[in-house]
Amino acid sequence: MQSSEKNKKEVRIGLLGASGYTGAEIVRLLANHPYFGITLMTADRKAGQSMGSVFPHLITQDLPTMVSVKDADFSSVDAVFCCLPHGTTQDIIKGLPRHLKIVDLSADFRLRDIAEYEEWYGQPHSASDLQLVFPIIQKEAVYGLTEISREDVKNARLIANPGCYPTSIQLPLVPLIKAKLIEHRNIIIDSKSGVSGAGRGAKEANLYSEIAEGIYSYGVTKHRHVPEIEQGLSDAAQSKINVSFTPHLMPMIRGMQSTIYVEMSQGVTMEDLYQQLRKSYEDEEFVKLLDKGVVPRTHNVRGSNYCFMNVFPDRIPGRAIIISVIDNLVKGASGQALQNLNIMLGYPENTGLLYQPLFP
């Protein structure tokens with residue numbers, strides 16, 4: 001995109017935390033967006049550097065030099081993607097101009113109960129301060145699971161973009177819970193993610209020799225996405241739901257699969273589950289129920305904003321197995337963020353998101 005063409009774009013985008021994987025995905029997706037152009041990029045540790053020097057695969061993009069957040073000028077920005085780590089976003093969003101539309105990819109505004117945030121994230125939430133601004137912002141945030149909360153997203157100023165695991169889990173479960181087709185008890189979730197879900201930071205546990213040729217279960221009984229999953233499912237049920245959730249790190253770069261074991265309600269059949277999911281998503285562009293018997297594969301959504309799912313009978317009578325796959329960096333993060341901002345600003349929600357899955 002030449003500079004003259006970029007400057008003609010209708011919406012000026014600020015990208016905070018551009019040097020991480022989700023920030024790079026935002027840049028990749030916006031490369032073909034006809035209305036959104038990036039005019040501001042921040043990355044405190046990479047301030048003064050070009051995006052192409054940090055991510056060489058983006059060297060062809062005409063982008064502003066990255067600056068530190070404290071030096072950012074928001075006068076030339078209409079909307080912001082915030083790709084900062086949890087705990088840092090709260091103070092920054094508080095200081096942003098009120099006219100900005102914001103999609104926050106951190107966990108800072110996903111949980112309504114700030115006590116739960118402190119319990120699971122190990123630090124107090126700024127909304128617990130006596131200053132009034134934080135509670136107001138916290139209540140203003142809309143949880144942006146797009147296909148479920150589309151109408152709320154339309155009128156939002158601040159979107160709390162869902163986590164990757166909660167996206168892959170709630171999309172199949174929420175319609176079934178709302179239709180009272182599955183029991184609220186004994187929901188068991190086995191999820192697997194590519195290593196990119198852990199971020200770009202240098203960590204010993206993410207070294208090649210630690211990850212390759214093996215599977216690693218982590219956050220057993222205490223993964224930070226648990227309260228987010230339970231909040232969404234409880235909202236759908238209008239009563240408290242607890243789940244058994246175990247995530248696993250897989251020796252692959254990107255992709256996510258959630259295998260979910262549920263107990264069907266009395267008198268409900270497998271066909272009922274399948275038809276409810278079909279009815280819920282038949283008009284959706286990015287959520288696809290596969291033909292009966294077809295097993296979803298992460299390979300088939302790689303690099304795309306799609307969620308593929310299907311439902312299967314368990315050998316145990318009265319139980320069913322649901323399999324859902326997404327790309328953790330796209331539908332699980334940056335793609336859903338762009339989908340939400342498109343809706344917030346009145347553009348077709350698939351704009352910039354029609355990349356087909358990359359296979360093989």
Side-chain angles (χ1 to χ4, degrees), residues 22 82-90 93 102-128 137-149 152-153 156 158-178 184 187-193 197-199 218-248 256-260 262 287 307 322 324 326 328-337 339-340:
T22 56
C82 196
C83 302
L84 298 166
H86 69 268
T88 63
T89 303
Q90 300 160 34
I93 286 183
I102 304 166
V103 181
D104 177 30
L105 282 76
S106 82
D108 283 3
F109 296 98
R110 294 175 189 162
L111 301 179
R112 293 191 297 270
D113 185 345
I114 60 173
E116 275 200 319
Y117 179 91
E118 182 171 354
E119 175 187 352
W120 290 85
Y121 284 84
Q123 61 189 70
H125 195 288
S126 297
S128 61
I137 293 174
Q138 185 71 19
K139 291 177 182 177
E140 181 184 18
V142 169
Y143 186 72
L145 189 62
T146 316
E147 285 77 14
I148 305 299
S149 306
D152 293 328
V153 169
L158 169 62
I159 291 293
N161 210 61
C164 46
Y165 286 123
T167 295
S168 69
I169 292 161
Q170 292 180 87
L171 284 174
L173 287 186
V174 166
L176 301 180
I177 290 172
K178 285 184 174 179
H184 300 168
I187 298 174
I188 301 169
I189 306 164
D190 178 305
S191 294
K192 297 175 175 64
S193 175
Y218 69 103
V220 180
T221 75
K222 59 180 186 288
H223 192 278
R224 291 165 170 172
H225 284 173
V226 168
E228 182 183 343
I229 294 164
E230 293 182 344
Q231 175 180 271
L233 300 186
S234 298
D235 287 350
Q238 298 184 320
S239 65
K240 180 62 177 173
I241 289 183
N242 294 116
V243 300
S244 179
F245 170 66
T246 305
H248 311 270
M256 176 167 288
Q257 174 174 312
S258 288
T259 304
I260 308 166
V262 298
V287 180
C307 172
I322 301 163
S324 166
I326 62 172
N328 56 291
L329 291 178
V330 190
K331 188 60 171 171
S334 303
Q336 185 159 221
Q339 192 177 353
N340 282 325

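Scored by the side-chain hydrogen bond (donor to acceptor under 3.5 Å, both in side chains) test, S234 finds no partners at all (sequence neighbours excluded). For S244, the side-chain contact (heavy atoms from CB on, under 4.5 Å) criterion is met by I188, not counting sequence neighbours. The salt bridge (Lys or Arg N to Asp or Glu O under 4.0 Å) search around E116 returns none, not counting sequence neighbours. With sequence neighbours excluded, the residues forming a side-chain hydrogen bond (donor to acceptor under 3.5 Å, both in side chains) with D104 are S106, listed by chain and number. Residues satisfying the side-chain hydrogen bond (donor to acceptor under 3.5 Å, both in side chains) criterion with S168, sequence neighbours excluded, are S258. Applying the ring-ring contact (aromatic ring centres under 6.0 Å, His included) rule to H225 yields the partners Y165, H223; only residues at least two apart in sequence or on another chain are considered. Partners of Q257 by side-chain hydrogen bond (donor to acceptor under 3.5 Å, both in side chains), not counting sequence neighbours, listed by chain and number: T259. Partners of A115 by side-chain contact (heavy atoms from CB on, under 4.5 Å), not counting sequence neighbours, listed by chain and number: D113. Qualifying side-chain contact (heavy atoms from CB on, under 4.5 Å) partners for T221, counting only residues two or more places apart in sequence or in other chains: none.
For residues 234-243, every residue pair satisfying the salt bridge (Lys or Arg N to Asp or Glu O under 4.0 Å) rule, not counting sequence neighbours, is listed here: R112-D235, E230-K240.
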Show your working on side-chain hydrogen bond (donor to acceptor under 3.5 Å, both in side chains) between D152 and Y143 and close with a plain yes or no.
-> CA-CA 8 Å; D152 293 328; Y143 186 72; over 6 Å; no
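Considering CZ of R110 and CG of L145, their distance stands at 11.0 Å, rounded to 0.5 Å.
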